[in-house]
Amino acid sequence: MKLTLRACITAMAVLPLTGLAQTKWDMATPFPETNYHTRNARQFVEEVLKESGGQLVITMHSNASLMKMPEIKRAVSGGQVQMGDILLGAYGNEDPFFEIDGIPFVVQGFDGAKRLYDATKPFLNQRLAKQGLIPLHYVVWPGQALYSKTQLNSLADFKGLRFRTYSPTTSRFAELLGSTPTTVQAPEIPMAFATGLASVMITSGSTGVDTMAWDYSKYFYDIRAMHNKSVTIVNEKAFKSLSPALQKVVMTASSHAETRGWALAATSADETAAILKAKGMLVEPGSPAMVNSLREVGARLTEEWVKRAGPEGEKALKALRK
């Protein structure tokens, strides 16, 4: 009788999990498996699977295997896929607030990046909500560095170079330097440098390691000019179709992913610079004259941004500079 009762209790405990329908989502991300953003996202997906008791299964498609980054936000907004991970600056043509963290030297260091995040998050959330998107977590990138085939000592050295860009802001930055901007997605960087489509770029140490920059570039100027942010987004209708319990699981896992992601970014900055140096790249801080000139270019970009962003932009910058 005891065994029968115990068996009944066990069956009743399992029944709620096995009796509920399983929800399956797809998540598109443009970053490769080796990148800490992807590793962080995988931990998020695993936590959701575990804490939901297998009721919510998220299949990740990394390295732009499902769709390229410029396509992801619209696909999530339209419900083609339920989730995505995007670099905000890639959508700067849509709204100035998506590109502010990609302006060189608007802030520096992770403390500055956090202050910028706090100042702009309400504006970002509002804009994404209008597109039927719920931002789950924002994760910063390490400070951006310059990669070049040739030595760079001053702004004059940038003139005429083909500058790989990934956003409207980096394209404008290249123009102000006298370079020719050319948009290239991360997986295509090595081929772009090998074929002469690009000879200089600004991006993180993480992307440099992911694309094995030592095979196509010689110089790494660790100027840490800006800290872009990525955001993991979910289709609002898909999220609201979940039970309150599952919504809580997703949001809790998301909170963990944001905290973990920022910590990973901080450790990645020095680790990736060390790897690039060990692989034979010349790792330098950049000459003071060049860095000061780049700061002036960044200041001009900031002024241009404020004009585009209007009163809300002025409000965000005022909060940042308090």
Side-chain angles (χ1 to χ4, degrees), residues 17-91 94 98 124-125 127-141 166-167 185-188 206-207 210-211 228-261 264-265:
L17 293 179
T18 58
L20 291 175
Q22 188 180 68
T23 299
K24 295 184 178 181
W25 283 0
D26 285 306
M27 178 179 178
T29 173
F31 312 121
E33 284 292 331
T34 53
N35 192 278
Y36 72 92
H37 281 273
T38 306
R39 290 186 278 114
N40 188 39
R42 287 224 174 267
Q43 286 184 256
F44 163 76
V45 165
E46 290 166 5
E47 182 176 345
V48 168
L49 180 66
K50 178 182 177 182
E51 297 302 321
S52 71
Q55 292 177 32
L56 179 55
V57 180
I58 303 171
T59 301
M60 272 187 60
H61 305 270
S62 62
N63 204 32
S65 59
L66 186 62
M67 55 190 63
K68 293 183 178 181
M69 179 153 55
E71 305 165 352
I72 293 176
K73 185 162 70 65
R74 178 175 292 182
V76 179
S77 178
Q80 185 179 346
V81 293
Q82 291 78 24
M83 290 184 65
D85 198 8
I86 61 172
L87 183 70
L88 278 169
Y91 303 90
E94 294 183 16
F98 291 153
L124 293 172
N125 287 354
R127 283 154 172 77
L128 292 171
K130 287 180 179 179
Q131 299 179 9
L133 300 168
I134 295 175
L136 293 179
H137 48 271
Y138 295 86
V139 175
V140 73
W141 285 80
Y166 56 82
S167 68
Q185 299 301 315
E188 301 160 357
S206 297
T207 299
D210 289 341
T211 59
N228 290 313
K229 287 191 296 295
S230 289
V231 59
T232 298
I233 50 177
V234 62
N235 178 275
E236 183 181 15
K237 291 181 180 178
F239 182 79
K240 289 185 175 179
S241 71
L242 300 176
S243 68
L246 282 182
Q247 289 181 17
K248 183 178 180 181
V249 166
V250 172
M251 296 309 292
T252 299
S254 178
S255 177
H256 295 161
E258 181 162 302
T259 301
R260 183 173 59 240
L264 286 169

Practice task
Could you tell me whether Glu94 and Lys73 have a side-chain N and a carboxylate O separated by less than 4.0 Å?
Solution key: yes
task = For the pair Asn63 (side chain) and Ser65 (backbone), establish whether a donor and an acceptor sit closer than 3.5 Å, ignoring hydrogens and angles.
result = no
Starting from the C-alpha separation in whole Å, work towards a yes-or-no answer on side-chain contact (heavy atoms from CB on, under 4.5 Å) for Phe239 and Met251.
-> CA-CA 10 Å; Phe239 182 79; Met251 296 309 292; 3.8 Å; yes
Side-chain donor/acceptor of Ser241 to backbone N/O of Ala238, under 3.5 Å: yes
### Query
Within the side chain of Thr38, is there an N or O that forms a donor-acceptor pair under 3.5 Å with the backbone of Pro32?
yes
Please report the C-alpha distance between Thr252 and Glu51 in whole Å, then the side-chain angles of each, then the deciding distance to 0.1 Å, and finally whether the side-chain contact (heavy atoms from CB on, under 4.5 Å) criterion is met. CA-CA 10 Å; Thr252 299; Glu51 297 302 321; over 6 Å; no
Interatomic distance, CD@Gln43 vs CG@Leu264, rounded to 0.5 Å, equals 7.0 Å
- Side-chain donor/acceptor of Ser254 to backbone N/O of Val250, under 3.5 Å: no
query = Would Tyr36 and Asp210 satisfy side-chain contact (heavy atoms from CB on, under 4.5 Å), going step by step from the backbone distance to the final call?
reply = CA-CA 10 Å; Tyr36 72 92; Asp210 289 341; over 6 Å; no
When rounded to the nearest 0.5 Å, the distance separating CG of Leu133 from CG of Asn235 is 7.0 Å
By ring pair (Phe, Tyr, Trp, His ring centres under 6.0 Å), Tyr138 pairs with (sequence neighbours left out) Tyr117
**Prompt:** Can we say Glu46 and Lys50 salt-bridge, meaning some charged N sits less than 4.0 Å from an Asp/Glu carboxylate O?
**Reply:** no
Separation between NZ (Lys68) and CD (Glu188), nearest 0.5 Å, reads 4.5 Å
Rounded to the nearest 0.5 angstrom, the CE-CD distance for Met69 and Gln185 is 5.5 Å
Closest non-hydrogen atoms of Met27 and Ala41, given as atom of the first, atom of the second and distance, are CE-CB, 4.0 Å
So Val231 and Phe98, side-chain contact (heavy atoms from CB on, under 4.5 Å) or not? Walk me through it. CA-CA 11 Å; Val231 59; Phe98 291 153; over 6 Å; no
Return yes if some donor-acceptor pair links the side-chain N/O of Ser62 with the main-chain N/O of Glu33 below 3.5 Å, else return no.
-> no
Heavy-atom nearest pair, Thr211 first then Thr207, reads OG1-O, 2.8 Å
To the nearest 0.5 Å, atom OG of Ser206 lies from atom CZ of Phe31 at 10.5 Å
Closest non-hydrogen contact found for Ile72 with Ala28 is CD1-O, 3.9 Å
Only one of Val57, Thr59, Val234 passes side chain to side chain contact (heavy atoms under 4.5 Å, CB included) with Trp25, and that residue is Val234
Nearest heavy-atom contact between Asn40 and Gly261 is ND2-CA, 3.6 Å
Donor-acceptor pairs under 3.5 angstrom involving side-chain atoms of residues 74-90: please list them, not counting sequence neighbours.
unit_1	atom_1	unit_2	atom_2	d
Ser77	OG	Gln131	O	2.5
Gln82	OE1	Asp26	N	2.7
Asp85	OD1	Thr232	OG1	3.4

Taken to the nearest 0.5 Å, the spacing of Ile233 CD1 from His137 NE2 works out to 11.0 Å
